[in-house]
Structure formats: C-alpha cells, structure tokens
Protein chains: 2
Amino acid sequence: MVAKRDGTQDKRPQRQAAPSVQDPPLSLERIIATAVELLDAEGLDGLKMRRLADRLGSGAMSLYWHVANKEQVFDLALDSVLEYRGPSQISDSPDWRQAVFHMLEDWRASMLRHPWSASLLPRRALGPNILGRLELLGSILSRAGVNEADLNGAIWSLWNYVMGATITRANFDLSDEDMLAGQQRLAHLSQEYPTIVRARLLLDNDWDGVFRKGLDFLLDGLVPRQ
Amino acid sequence: MVAKRDGTQDKRPQRQAAPSVQDPPLSLERIIATAVELLDAEGLDGLKMRRLADRLGSGAMSLYWHVANKEQVFDLALDSVLEYRGPSQISDSPDWRQAVFHMLEDWRASMLRHPWSASLLPRRALGPNILGRLELLGSILSRAGVNEADLNGAIWSLWNYVMGATITRANFDLSDEDMLAGQQRLAHLSQEYPTIVRARLLLDNDWDGVFRKGLDFLLDGLVPRQ
DNA sequence: ACCTGAACACCGTTCAAGT
DNA sequence: ACCTGAACACCGTTCAAGT
C-alpha cells in the first residue's frame, strides 16, 4: 500500500483543502463576487451560507462578521450585477430613443446573464445601481418631452415592461427537450387549446425581437413621434 | 430596510386547537384551498408543510398521501387562483378590445388578490387555467386581425406586460411608512437622483391608470386601429 | 478586529408502522 | 386506502470563545 502523497484521492471532507496559494482574506467584495458566481452556477436556491463559505475557504460563521445575514448577501449581489457603464452623457444626444433602447437592452442583457437577478429585483430594495438607471431613464424621457406629471407613470411603464419580459425569458429558458415535451403535451390537447397550438406558443419564440417591438410600441405611446 | 417581522404575538404552538366540529377528512381540494389561505396570510415563505397540516387538523405526513411534495402544492394552489369565469363567449363580440381588457384586468386583479401568485407564475409550469386564458387571448387577437405569424409574439408581449406590472405592483405594495421612508432616503440624495425625486417615483403612483395606459399603447401597436 | 466550532431551532421528506 | 410519529439530512443563525 502506497502512502497517499498528494490529496488527489482524498475521501475526507478535508476542510483545509490545500490552500495552495492561501486564500486572500475575507472581504465584502470577495464575498459578494463569490456569491454572484455561486448564484450563476446554482441559482437562487443554490446560495447557502455554508456553501458560500466553502468556496471562500473560510468557516461558515466567518461571513457573519462582514455581513448581517443572507438577505444582505442577496441585496448586494443583486445591485452589483446591475451596474451601467453605458454612455451616461449621451443622454442629451439628439437620439433620445436610441439612448433609451441602449440602457434598457443593456439592463435586460445584464439580468439574463444572471437569471436569478430578474426574479430577485422586484422583491428587494432598490440599490444605487438600479436607482442610477432609473434616474438616467427619467432624465432622458424628460428631455425628450415627457412632462413632469407623466414622468412617474412613464418610468414605471418601462420598468414593468422590461421586468416582465426578462423574468419570463429567464424562467422559460428551457432546454430544447423541455420545450418539445411541453409543446407535445399541448398538441395532445389541441382541441382544447387550438389557437395556442397553432401559434406554436412555446416554440419559435423570438424573445429579442418581441422585446424590441413591444418597446417600440410603448415608446410611441409614451412619447408620440412628432 | 425593515426586516419582515411577524407581528402576531402567538404564545403557543397549540397543536390540538380544539377540533370542535371534527375536521372533515383530508382531500386534495381541502389541502389546496387551505394552502391558498395560508399563502394569502403568510406569503410564499409562510407555506410550510407542518403549518399547512396544522391548519388542516392533521399530522404533517398525512399530506404526502394526497400530494407528491411541496412543489405540487405550489403548482395546484397557483392554478386554482387563476380561473377565469369571464364571458368566454363574448370573445367574438364586436368589441375585441374590451374583451382583451376584461380578461387581462381580471387576470391582474386575481393575482393582486393573492400577491404570492404573481411571483410564482413565471417559474412554474403552466396549468390549465392559465393556458385557458392564453388560448382565449390568442383567439380574440386572431379574430381581431393579428395574423398567424405575429400571434405568438403578440401573446407574449401582453403576457410580459401583465406579469411585469403585476409582479412589481404586488411587491411594491409597501406600507405608507415604508414608502415615506424610502422617499425620504431618496430626497436625502436629491443631488444624485434629481429626476427621480422630482417625479416622486415612489409616491403618487396610479398603478391602475399606468397599467391601462400602457396596455392601450401596446394594443395600438399590436393591432393598429384602422 | 477578525475568525471559529458547537449547538439550536427549524424544514422537507423517508421509513416503517399503524388502522 | 388512509394516516401517523420518529428520525434523517439539511440550513440560517446565536453564542461563547479563540487569535
């Protein structure tokens, strides 16, 4: 029997898993960055404090020195993912419509890159990054001619639209087999849901195109082209 | 940020809460109806199998004879709340626009009566009641002149819009004090978010009016008035 | 100031039994 | 066929300590 040399085949939990380069010390930034990684990999339910600590090479309870509780981890991970580096000065460029599209499509793309963030955003407090986006949106619309009394409603209309489209898209991002299975189950009920089956509700959905088209319609209504 | 605290000053678990009239036997209907009650009272996180069993006057494990697991309770409670008793034959009435508005506003109202259902719907399978609504929606739009190639996109546009508006509304239904606190925190940052503060983003929001207005714009785009 | 393990109060669900 | 309690494998968090 050969003595185990290098922990390659270890059975034990082995807490001290060869901190070869010695993990850097815990910090709020490192915790949040790792939480985002974990959320991306395992989804909302996959974020467990113990698992997060494991990834950080620390004991589970060490996190609580930097963070009040799990909810705060969610809040910080969420806002960290919503930063907008877009051309915030272009807001007074002549093409306000393009500026709105740019920010909203970037917002949607950010959430789709981290699908857990879409379902999380509506139920958490608004962090600075998302507030920054809303501020930018409001200022563009305002400069485009939306009067003050309608501004609140216009902002929320667009928020609602983006959130609905993104949450749906993020959650219906099924595997092809799932979609096929769903459609087959539907087809089996084609006399109960004839229109839906004809429309191929779960197939051939051009999510991006649908998003842009609806956004166009909404903007036409909110800021009539003159 | 205020932690959600359950203000009810319960003293004891009180298992055997005087089954005065002897609870009726367990049944799927009774389980689902009680689950809806519990969800209405305590929210998504408030639904625990043990608590549900308590309300039913049964042991926790008895539920598992009628139900596979907690997820199934969610699925069934969700669809049970989305039934549409609306005038399904009126779909070929001359006023298709009114028919769409009626169904979508009723859908939104149903979800707002059970706020947990809004956040749940996008992540669960589509039950018969919601499929029925989509079928009705598709058939009305089709008769209103939306051609087959655009039907899928039109249905999803409206779905996205309704879900976004409702999820947001359901989750931002803050107490007056919360809203005031939020706005005050914002006001404190009025040089960072001047537009948002001016628009009174968190106050004076006519959710129902915003919903109807945006829906009008969307329908104008999807089915141009001739 | 920062990190830790033991321990507590849960929660969903399995299992082996009861009627 | 229907219901049950004991028990298991978790999970967030408190606490009393360690450095």
Side-chain angles (χ1 to χ4, degrees), chain A residues 11-17 19 22-35 38-39 41-78 116 120 123-124, chain B residues 1-6 8-17 19 22-32 34-35 38-39 41-78 116 120 123-124:
Chain A
K11 348 165 164 187
R12 290 300 169 120
Q14 196 186 7
R15 290 284 161 107
Q16 306 272 40
Q22 184 72 357
D23 293 306
L26 239 36
S27 72
L28 195 54
E29 296 85 51
R30 221 163 72 79
I31 291 177
I32 299 309
T34 309
L38 187 52
L39 284 163
E42 316 265 0
L44 271 185
D45 294 336
L47 180 62
K48 320 270 164 90
M49 294 306 267
R50 290 174 223 250
R51 200 111 67 110
L52 180 52
D54 268 3
R55 279 208 178 208
L56 288 158
S58 80
M61 287 311 104
S62 312
L63 303 177
Y64 286 87
W65 177 258
H66 303 268
V67 133
N69 50 35
K70 193 179 167 181
E71 299 229 315
Q72 202 190 340
V73 177
F74 276 128
D75 282 339
L76 295 174
L78 176 60
W116 49 271
L120 204 54
R123 31 180 171 141
R124 308 298 319 165
Chain B
M1 239 166 297
V2 184
K4 229 179 294 175
R5 218 149 269 243
D6 179 336
T8 51
Q9 279 260 2
D10 57 331
K11 319 136 195 211
R12 283 284 133 180
Q14 199 184 3
R15 290 277 164 113
Q16 304 275 38
Q22 184 70 358
D23 295 304
L26 237 38
S27 71
L28 195 55
E29 295 84 52
R30 220 162 75 77
I31 292 176
I32 299 308
T34 309
L38 187 52
L39 284 163
E42 315 266 1
L44 270 184
D45 294 337
L47 180 61
K48 321 269 165 87
M49 293 307 266
R50 290 177 222 249
R51 199 112 65 112
L52 180 53
D54 268 3
R55 280 210 179 208
L56 288 158
S58 79
M61 287 311 105
S62 312
L63 303 178
Y64 285 87
W65 177 258
H66 303 269
V67 135
N69 49 35
K70 194 178 167 181
E71 298 229 315
Q72 202 190 340
V73 177
F74 276 128
D75 283 339
L76 294 175
L78 176 60
W116 48 272
L120 203 54
R123 30 180 171 141
R124 307 302 316 169

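Each chain gets a letter, A, B and so on, in the order its sequence line appears, and its residues count up from 1. The shown structure was predicted, so the numbers you read here are calculated from the model rather than taken from an experiment.
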Asks: Below 4.0 angstrom, which residues in residues 60-69 of chain B have at least one non-hydrogen atom near DNA chain D?
Replies: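 Within this stretch, B:M61, B:S62, B:W65, B:H66 sit under 4.0 Å of the strand.
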Asks: For B:K48 and for A:P25, locate the closest nucleotide of DNA chain C by heavy-atom distance; then report the residue assigned to the nucleotide nearer the 5' terminus.
Replies: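 The residue closer to the strand's 5' end, by nearest nucleotide, is A:P25.
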Asks: Between A:L47 (CG) and D:dC10 (C1'), how many Å, whole number?
Replies: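 Going from CG in A:L47 over to C1' in D:dC10 covers 15 Å.
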Asks: Determine the interatomic distance between P on C:dA17 and the same-named atom on D:dC2; round to the nearest Å.
Replies: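 Taking atom P in both C:dA17 and D:dC2, they lie 22 Å apart.
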Asks: What pair of heavy atoms forms the shortest contact from B:A53 to B:G59, and how long is it?
Replies: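 Closest approach of B:A53 to B:G59: CB-O, 3.5 Å.
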Asks: Tell me: CG of B:L52 to P of D:dC3, nearest whole Å?
Replies: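 Rounded to the whole Å, the gap is 13 Å.
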Asks: For A:I31 and C:dC2, what is the distance between atoms CD1 and P respectively, to the nearest whole Å?
Replies: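 Going from A:I31 (CD1) to C:dC2 (P), I get 11 Å.
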Asks: Report all interatomic pairs (protein N or O, nucleotide N or O of nucleotides 17-19 of chain C) with separations under 3.5 Å.
Replies:
none

Asks: Rounded to whole angstroms, how far apart are CG on B:L38 and P on C:dC11?
Replies: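 Going from B:L38 (CG) to C:dC11 (P), I get 11 Å.
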Asks: Decide yes or no for A:W116 and A:L47: does some side-chain heavy atom of the first lie under 4.5 Å from some side-chain heavy atom of the second?
Replies: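 A side-chain contact under 4.5 Å is absent here.
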Asks: B:E29: which residues meet the salt bridge (Lys or Arg N to Asp or Glu O under 4.0 Å) condition with it, sequence neighbours left out?
Replies: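 B:E29 satisfies salt bridge (Lys or Arg N to Asp or Glu O under 4.0 Å) with no other residue.
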Asks: To the nearest Å, give me how far apart CG (A:L26) and P (C:dC2) are.
Replies: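 From A:L26 CG to C:dC2 P: 10 Å.
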Asks: For B:R124, what residues pass the salt bridge (Lys or Arg N to Asp or Glu O under 4.0 Å) criterion, not counting sequence neighbours?
Replies: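 B:R124 satisfies salt bridge (Lys or Arg N to Asp or Glu O under 4.0 Å) with B:E71, B:D75 only.
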Asks: Would you give the length of the straight line joining atom CZ of B:R51 to atom OG1 of B:T34, rounded to the nearest 0.5 angstrom?
Replies: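 Between atom CZ of B:R51 and atom OG1 of B:T34 there are 14.0 Å.
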Asks: Does any non-hydrogen side-chain atom of A:K48 lie less than 4.5 Å from one of A:L52?
Replies: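 A side-chain contact is absent here, since even the closest heavy-atom pair is not under 4.5 Å.
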Asks: Passes side-chain contact (heavy atoms from CB on, under 4.5 Å), A:L26 versus A:W65? Steps please.
Replies: CA-CA 10 Å; A:L26 239 36; A:W65 177 258; over 6 Å; no
Asks: B:R50 CZ to C:dT14 C1': how many Å, rounded?
Replies: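 It is 12 Å, rounded to the nearest whole Å.
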Asks: Once salt bridge (Lys or Arg N to Asp or Glu O under 4.0 Å) is applied, do any residues pair with A:R30, and if so which ones, sequence neighbours excluded?
Replies: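 For A:R30 there are no salt bridge (Lys or Arg N to Asp or Glu O under 4.0 Å) partners, ignoring immediate neighbours.
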Asks: What is the separation between atom CG on A:D54 and atom P on D:dC10, rounded to the nearest whole Å?
Replies: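 After rounding, the reported distance stands at 13 Å.
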Asks: Kindly give the heavy-atom pair with the smallest separation between A:M49 and A:L63, and that separation in Å.
Replies: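 Shortest heavy-atom separation between A:M49 and A:L63 comes out as O-CD1, 3.5 Å.
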Asks: Testing the basics here: between A:R55 and A:A41, what is the closest heavy-atom pair and its distance to 0.1 Å?
Replies: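 Closest approach of A:R55 to A:A41: NH2-CB, 4.0 Å.
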Asks: Any stems for DNA chain D, made of 3 or more Watson-Crick or G-U pairs in a row, each with both distances under 3.5 Å?
Replies: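 So far as stems of 3 or more pairs are concerned, DNA chain D shows C:4-8 with D:12-16, C:12-16 with D:4-8.
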Asks: So which heavy atom on A:Y64 is nearest to which on A:N69, and how close?
Replies: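 Residues A:Y64 and A:N69, closest heavy atoms: CE2-CA, 4.0 Å.
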Asks: C:dG5 P sits how many Å from A:M49 CE, rounded?
Replies: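 These atoms are roughly 15 Å apart.
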